[in-house]
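Input: a single structure, listed below in structure tokens.
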Amino acid sequence: NLIALLENNHFNFQLPTYFLWEGNVTYLQREDIIAVLNTIRNHVKHFKLSLDYLLPQVITKTTGYVELDDYIEQLEQRGAPWITGFNDMTYFTKSLGLDIVETYSAAQLHDRYCPQLSLPSPIFRFYFVCTITRSCP
């Protein structure tokens with residue numbers, strides 16, 4: 001229970017807060033992701049939350065990159081499958097009363113900050129980081 005944990009540690013729900021939710025969303029069912037976001041939205045008045053996510057093509061092994069398909073199969077064999085991806089994070093967040101502040105693929109960030117280097121992996125074309133906040137009333 002995230003809210004109980006925060007309360008037990010004297011978290012001030014009235015202060016502006018930044019959450020970093022990294023490396024977890026792809027392992028959860030969509031309903032569980034919704035539950036976490038709703039909990040934060042319903043209890044923290046002013047917040048921004050950054051999370052990472054994949055496009056569904058990675059999970060369904062339809063990217064056209066054999067090395068990505070092999071990696072996904074290895075995760076599945078280890079009992080840690082990636083199960084949730086998003087094509088349209090804007091639609092998803094809007095449906096929860098949240099707005100996207102910004103979103104970038106890792107490839108876009110790589111091109112922006114390391115244009116002289118080649119992209120180390122094709123997964124960066126399908127891996128995104130976005131920051132969301134509560135929609136204005």
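Nothing here was measured: the structure is a model prediction, and the numbers come from that model.
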| Do Arg134 and Asp99 meet the salt-bridge criterion of a basic N to acidic O distance under 4.0 Å? | no
| task | Using a strict cut-off of less than 4.0 Å between a Lys/Arg side-chain nitrogen and an Asp/Glu carboxylate oxygen, indicate whether Glu76 and Lys61 qualify as a salt bridge. | result | yes
| message | Nearest 0.5 Å, please: how far is OG1 in Thr39 from CD1 in Ile34? | response | 11.5 Å
| task | Find the distance between CG (Asn8) and CG (Leu5) and round it off to the nearest 0.5 Å. | result | 7.0 Å
Sub-3.5 Å donor-acceptor pair from the side chain of [X] to the main-chain atoms of [Y], do we have one?
| X | Y | value |
| --- | --- | --- |
| Ser105 | Gln108 | yes |
| His110 | Ala106 | no |
| Thr17 | Leu15 | yes |

| Geometric class of the Tyr53/Phe86 ring pair [parallel <30°, tilted 30-60°, perpendicular >60°] | perpendicular
| Between Leu49 and Leu37, is a side chain to side chain contact (heavy atoms under 4.5 Å, CB included) present by the stated rule, with each step listed? | CA-CA 9 Å; Leu49 181 148; Leu37 293 173; 4.1 Å; yes
| Do other residues, nucleotides or ligands put more than 12 heavy atoms under 6.0 Å from Tyr71 OH? | no
| query | What do you reckon, are the aromatic ring centroids of Phe13 and Phe11 less than 6.0 Å apart? | reply | yes
| remark: For Glu67, the salt bridge (charged side-chain N to carboxylate O under 4.0 Å, His left out) test, sequence neighbours excluded, returns none
| field | Test applied, side chain to side chain contact (heavy atoms under 4.5 Å, CB included); reference residue, Ile132; option that passes from Leu96, Leu98, Val101 | value | Leu98
| query | In the single-linkage hydrophobic clustering (I, L, V, M, F, W, Y; side-chain heavy atoms under 4.5 Å), do Tyr127 and Ile83 co-cluster? | reply | no
